[in-house]
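Below is one structure; the comments refer to it alone.
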Number of protein chains: 2
Amino acid sequence: MAKSKGRVSDAVMRRMPKYYRYLKEMRDDGIERISSRELSDKMGLTASQIRQDFNSFGGFGQQGYGYNVNELYEEIQKILGLDKTYNCIVIGAGNLGQALTNYSGFEREGFHVMALFDINPRLIGMSIRDIPILDIEDIEGFLDQHRVDIAAICAPKDAAQSIADDLIKYGVRGIWNFAPTDVTSSSEVVIENVHLSDNLHTISFRMGGYSL
Amino acid sequence: MAKSKGRVSDAVMRRMPKYYRYLKEMRDDGIERISSRELSDKMGLTASQIRQDFNSFGGFGQQGYGYNVNELYEEIQKILGLDKTYNCIVIGAGNLGQALTNYSGFEREGFHVMALFDINPRLIGMSIRDIPILDIEDIEGFLDQHRVDIAAICAPKDAAQSIADDLIKYGVRGIWNFAPTDVTSSSEVVIENVHLSDNLHTISFRMGGYSL
DNA sequence: TAGATTGTTAATCGATTAACAATC
DNA sequence: TAGATTGTTAATCGATTAACAATC
């Protein structure tokens, strides 16, 4: 049973989805149990770290046995909030917005895309996997009518912050921002700024001979 | 002048592209100088950390003055290897592969996309911004003919590792993997595994009430 | 010069690793 | 039971923050 919600370090939090991924894989492969040692080999972490990580949520293992893969998988699923469903929208129906919408994994995990929004009249009215592309002008009306939990922003840099402010005003609780600028907010909303180019820059950095 | 290539911690390395982004912005806004204190306010870091970070590459500032924005920008550009150009290919011409190819920022920063590769006959022969989509079958011939520095893998999970092995065998030195599995290699190649769904999972995690 | 702000050393904090008693 | 492996405490390591002398 998970501990009552407490402080979890950023480092631990960022590792949880990786555990989830590896456990899902093992579960699909029919592996029933795993020790922290075996898991550490697979994932490139230390066994000690794995046990510490899991124990920040409560003990999920059993001495002398290890962890039951399926049980641990389901616990982490709950921890990550993947036992719930989320109403999502995508702002910006360009390649990236379409890529996110088309990625069936999200739907499977409970992230349901209700609509895309765009400013481009040639895209408005079209649909992706039966999900309509609506006029960005109509977004406030849409948010009035529907509960939206998470919005992915795939819009140009200069529009990102004002879109985010609007979304937050209308009750969106999670912002997944792909615009190449950091979106911020003073409210309780959860914001994740993804910078694909930052990522690419770490590749060229390391290719330049700086070692870690 | 940058110190000779030494050990740089992962944490510092991951912050460099962010500095680059903020400095570019300031430079474009015509800001000439900035102190670590001002920069810390903008970026949400501490002034002390910023000075430490820059000093792992050598001092770029001046006592009593701060940092010259343009100079610092250019130093970090060099550190990140963005003063060079890179020949790139994209494996998988679906939405994500197209999104990366279309993102003009990469071209501007010296990441030149030479070709996309796909298995889908309906895509092969088409082109994105005049960049051809080629048959994945022809990739070895292509790599024999052209120097390719970086490859983005936007292929399905099960194909990712064997594609990567192939690319590495033919001299590709950087792998930017978007397939939902961790690609590994025993060689010197630089690998960056991007997991967008891991990212989304941290959003649902935090929306579930776990605080950091 | 006086004021400002860096570069750098020292102190603190937090995260990772090691060790081992508890226990399945 | 004996062996294995967790949960957890203690030790270590590294990263961040604080402090301040150097110096523009």
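All values below were derived from every heavy atom in this structure, side-chain atoms included, with hydrogens, water molecules and symmetry-related copies excluded. Proteins come first, then strands; the chains are lettered A, B, ... in the order of their sequence lines, and each starts at number 1.
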Distance check needed: D:dG14 C1' versus B:D53 CG, whole Å only. 14 Å
Considering only heavy atoms, which members of residues 19-36 of chain A lie under 4.0 Å from some atom of DNA chain D? A:R33, A:S35, A:S36
Just by protein heavy atoms under 4.0 Å, how would nucleotides 17-24 of chain D read 5' to 3' in B, S and -? BBBB-BBB
How about A:T46 and A:S48: does a side-chain donor come under 3.5 Å of a side-chain acceptor? no
Can you tell me which residue pairs pass the ring pair (Phe, Tyr, Trp, His ring centres under 6.0 Å) test with a partner in residues 20-41 of chain B, sequence neighbours excluded? A:H201-B:Y20, B:Y20-B:Y73
Describe, in one word, how the ring planes of A:Y67 and A:F54 are oriented to each other, choosing from parallel (under 30°), tilted (30 to 60°) and perpendicular (over 60°). perpendicular
When you look for runs of 3 or more Watson-Crick or G-U pairs in a row, both distances below 3.5 Å, which of them include DNA chain D? C:3-24 with D:3-24
Atom CG of A:N55 and atom P of D:dT9 are separated, to the nearest Å, by 10 Å
Please list all pairs passing the ring pair (Phe, Tyr, Trp, His ring centres under 6.0 Å) test where one or both residues lie in residues 179-198 of chain A, with sequence neighbours left out. none
Between P of D:dG7 and CZ of A:F54, the distance in whole Å: 10 Å
Mind calculating the distance between CZ (A:F60) and P (D:dG7) to the nearest angstrom? 9 Å
Is the closest side-chain heavy-atom distance between A:Y65 and A:R33 below 4.5 Å? yes
For A:Y103, ring-ring contact (aromatic ring centres under 6.0 Å, His included) partners two or more places apart: A:F106
Can you check the A:Y67 OH to D:dA4 C1' distance for me, whole Å? 13 Å
